Amino acid sequence: MSRNAGGDEARTDRHTGDRPEERSQRDDDDRGSHDHHDGRGSGAHDKHEGHSPEMFREKFWLSLLLTIPVVSWSEHIQELLGYRAPIFPGSAWIPPVLGTVVFLYGGWVFVKGAFRELRARLPGMMTLIALAITVAFVFSWVVVLGLIEAQALWWELATLVTIMLLGHWIEMRSIHQAKGALQELAKLLPDEATRVTEGGEEQVSVADLRDGDVVLVRPGASAPADGVVRRGKSAVNESMITGESVPVSKGEGDDVIAGTINGEGALRVEVTRTGEDTKLSGIMRLVSDAQESKSRAQHLADRAAQLLTGVALGAGILTLVVWQIIGAPVDFSIIRTVTVLVIACPHALGLAVPLVVAISTTLGARGGLLVRDRRGLEHARELDAVIFDKTGTLTLGEHRVVGMVVAEGIDEDEALRAAAGVEAESEHPIARGVVATARERQVGVPDAERFRALPGQGVSAVVEGAEYRVGGPALLEADSASVPDSLKAAARGAGERGQAAIYLVQGGRARAVFSIADAIRPESYDAVRTLHRRGVEVAMLTGDSHAVANSVAGELGIDTIFAEVLPDDKASKVKELQAQGKKVAMVGDGVNDAPALATADVGIAIGAGTDVAVEAGDIVLVRSDPRDIPRIVTLSLATYRKMLQNLWWAAGYNIAAIPLAAGVLAAWGVLLTPALGAVLMSASTVIVAVNAQFLRRAEL
């Protein structure tokens, strides 16, 4: 479902306050301004387009081998270290020839990147690197050709290119590792499947599977597609999809997710979704989209990187002019200028946020938290209130026995066992709730004989030799059954809480009364307690009566209750809390809650295990566990801290490094060479990358 479902097209964007038409224009402007960082949009020109860690690794090692003789035969290095390199015919041409090779082989990747940036009118770090090495290259050949009297910069050029290649290799490795979850998810699917046909079994490519095919999933094998178990029993490991470490029991009629690993039993599964339609593919799309989406911090880093590029170019020109005015040698002025251009490259600044984004997104995905919109995750750390839709979110959305009172001399488990046996063959939702409760409490469901439906009253059957009846007040009246006072009081209490009350009757006497209602999820208690510990207000929104809502809210300790709310009015309840100045998250199932999810500061769609393609929320939960809401807040806080740390380091480094590179401390003998500038620039990039990797240690 679209996040604008329910006639919500005209609403303003909850993150920016823009109307849809304004938001569209703003997004177009953002794409035009920032595509060079994330490679998205029609005019994208990603600075690493077509690059890979392997490419930079190969260029680095070969450039390093060529740089060693360039440095060894450099006159400046020989004077500095006090040695003489071997002299032979042509040895004087080693630095210019090999330096040229290093420039064309190793440095050309930066020149090409600069062309892409300039073509898009968005000069950035590639432009600075290319300008620095091109100036050094042209200047050195001017010296070699005798057009000016100065020292060539071949060793500075070669070492600069080599160190830049090393820095980019490290950066690309970090980014690929951060995004590795997508490749790991893709590996979950097997290449082949065992399809069961009338003629037997056959091995087929997973791509050849179609809806309705039956496949055999052997012990230890991965499910090749989404499907439904038609035969067999087993426990399936779904941790790679849902983050739940405990294997899930599967039997006839249960769903199986593509990529999950079968346990000890063999399963015959009817295929329901293949290829791009599987839940695994949906998760991969959400992870990929989230890694490319931008938060406010990302936009800030993008703009800062662009500003720094302009500052670096201006500082480089100013450095050249000032040193020439002072009367410094031209080669000295050129070296200062090249050093400024190199050391001011906004590499660390450009990497500071994207790498954290990639890591936090994959970290969340592994824990069952799929981030669709980075801005939603960013707002999660600021939440003041969380609104839960009741049915299917705080509750199971299914009937269960939520209370039981038995007559004197009757054991609760015996009463529940007998009632479940009678109800086992009934299709009524309340009957299914009784049976489900018995199975969850492991009291067993015995076989029943002579089952009969009693129209308007209930059902009857013989269970373990005794005849029982189960039904409501009409059954008691028809049987003229006697009811102990304790059971009458329990039934009245259930009615006051908006719960259904059914009786177990034997021999004309009520033996037990069961309160039936939409059961609260066991996880909801921990979720509410954890949010309260964080100082977050918890509200509940439901279309049920006030009696039902108050019962659930009272048991969970919920602060605010919105009851008897129609689906179209849910968004207005979110706005009520926002009008109080609160940052509000809405948690719902992503279907009838779409307008409210879209209106909230953070929309969280829960229960995505049934449909990971839900588009109503900023964050989608793979499993229907409300305890994941506090985990979102934890991820948001950890991500924000890492972003700030990286941004402060990257910005602070450049503020201190540019004047130093320009030579403000030259009077005290402190001068940076272009190669040392490249080392410092690369070191800052590595520090940012390593710091981002520490985010992986965050415990959600």
Side-chain angles (χ1 to χ4, degrees), residues 14-15 243-244 295-297 356 359-361 363-390 393-395 520-542 552-562 573-588 593 596-597 599-607 617-645 694-700:
R14 62 176 173 274
H15 299 295
E244 178 58 59
S295 63
R296 289 180 303 174
V356 174
I359 293 173
S360 65
T361 303
L363 184 65
R366 287 172 183 165
L369 314 176
L370 305 181
V371 182
R372 291 191 64 254
D373 191 324
R374 294 292 314 176
R375 289 174 295 182
L377 180 63
E378 187 170 301
H379 282 302
R381 66 185 175 83
E382 304 170 333
L383 288 177
D384 301 303
V386 175
I387 302 177
F388 287 92
D389 178 65
K390 181 185 78 71
T393 303
L394 290 174
T395 65
I520 296 174
R521 291 182 183 277
E523 303 87 0
S524 297
Y525 298 92
D526 285 340
V528 173
R529 280 195 297 267
T530 303
L531 288 170
H532 280 159
R533 283 198 298 269
R534 292 178 177 271
V536 178
E537 176 186 343
V538 180
M540 185 181 72
L541 189 153
T542 179
V552 174
E555 190 165 347
L556 289 175
I558 287 173
D559 306 299
T560 305
I561 305 168
F562 299 111
K573 301 304 179 184
V574 175
K575 292 177 182 177
E576 279 187 30
L577 293 183
Q578 289 175 327
Q580 300 172 21
K582 297 176 181 177
K583 286 282 186 182
V584 180
M586 172 66 194
V587 187
D593 299 315
L597 288 167
T599 302
D601 297 288
V602 183
I604 303 172
I606 195 170
D618 299 307
I619 301 170
V620 182
L621 306 186
V622 174
R623 54 189 180 184
S624 300
D625 190 340
R627 290 176 301 182
D628 285 340
I629 309 305
R631 295 172 66 230
I632 292 172
V633 178
T634 300
L635 178 62
S636 176
L637 288 168
T639 300
Y640 186 73
R641 280 195 298 267
K642 281 298 169 201
M643 284 184 179
L644 280 186
Q645 290 169 6
F694 284 130
L695 181 59
R696 298 181 186 276
R697 298 184 178 182
E699 295 184 6
L700 301 183

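Because the structure is predicted, anything quoted here is derived from the model rather than measured.
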Taking the side chain as every heavy atom from C-beta outward, state whether [X] and [Y] have any pair of such atoms under 4.5 Å apart.
X	Y	result
Arg534	Thr634	yes
Leu577	Ile387	yes
Val536	Asp384	no
Val584	Lys575	no
Leu370	Ile619	no
Leu394	Ile558	yes
Phe388	Leu531	yes
Glu555	Ile520	yes

Expected output: side-chain [X] to main-chain [Y] donor-acceptor under 3.5 Å:
X	Y	value
Ser636	Leu377	yes
Arg521	Thr393	yes
Thr530	Asp526	yes

Residues Met586, Val602; criterion side chain to side chain contact (heavy atoms under 4.5 Å, CB included); working and verdict:
CA-CA 6 Å; Met586 172 66 194; Val602 183; over 6 Å; no

Nearest 0.5 Å, what's the [atom1]-[atom2] distance between [X] and [Y]?
X	Y	atom1	atom2	value
Leu621	Ile632	CG	CD1	4.5 Å
Ile359	Phe694	CD1	CZ	11.0 Å
Arg529	Arg627	CZ	CZ	10.5 Å
Leu556	Tyr525	CG	OH	5.5 Å
Gln578	Lys573	CD	NZ	13.5 Å
Leu695	Met643	CG	CE	9.0 Å

Work out which heavy atom in Ala527 is nearest to a heavy atom in Pro626; give both atom names and the distance.
CB-O, 3.4 Å

Taking all non-hydrogen atoms of both residues, which atom of Ile604 and which atom of Ala585 are closest, and how far apart?
CD1-CB, 4.3 Å

Holding to salt bridge (Lys or Arg N to Asp or Glu O under 4.0 Å), I want the full list of residues that pass it with Asp559, two or more places apart in sequence or in another chain.
none

Please list, chain by chain and in numerical order, all residues satisfying salt bridge (Lys or Arg N to Asp or Glu O under 4.0 Å) with Arg641, sequence neighbours excluded.
none

With side chain to side chain contact (heavy atoms under 4.5 Å, CB included) as the criterion, how do Val552 and Lys390 come out once you've worked through the C-alpha distance, each side chain's angles and the decisive distance to 0.1 Å?
CA-CA 9 Å; Val552 174; Lys390 181 185 78 71; 4.0 Å; yes

Under the side chain to side chain donor-acceptor pair (under 3.5 Å) rule, collect the residues that match up with [X], sequence neighbours excluded.
X	value
Lys582	Glu537, Gln580
Thr395	Asp518
Ser360	Arg374
Arg697	none

Given the rule in the salt bridge (charged side-chain N to carboxylate O under 4.0 Å, His left out) test, do Arg375 and Glu378 qualify, once you have shown the distances and angles that lead to the verdict?
CA-CA 5 Å; Arg375 289 174 295 182; Glu378 187 170 301; over 6 Å; no

Test side chain to side chain contact (heavy atoms under 4.5 Å, CB included) on Val371 and Asp618 and set out the steps.
CA-CA 6 Å; Val371 182; Asp618 299 307; over 6 Å; no

Would you say Lys642 and Gln645 are linked by a side-chain donor-acceptor pair, where the criterion is simply a distance under 3.5 Å?
yes

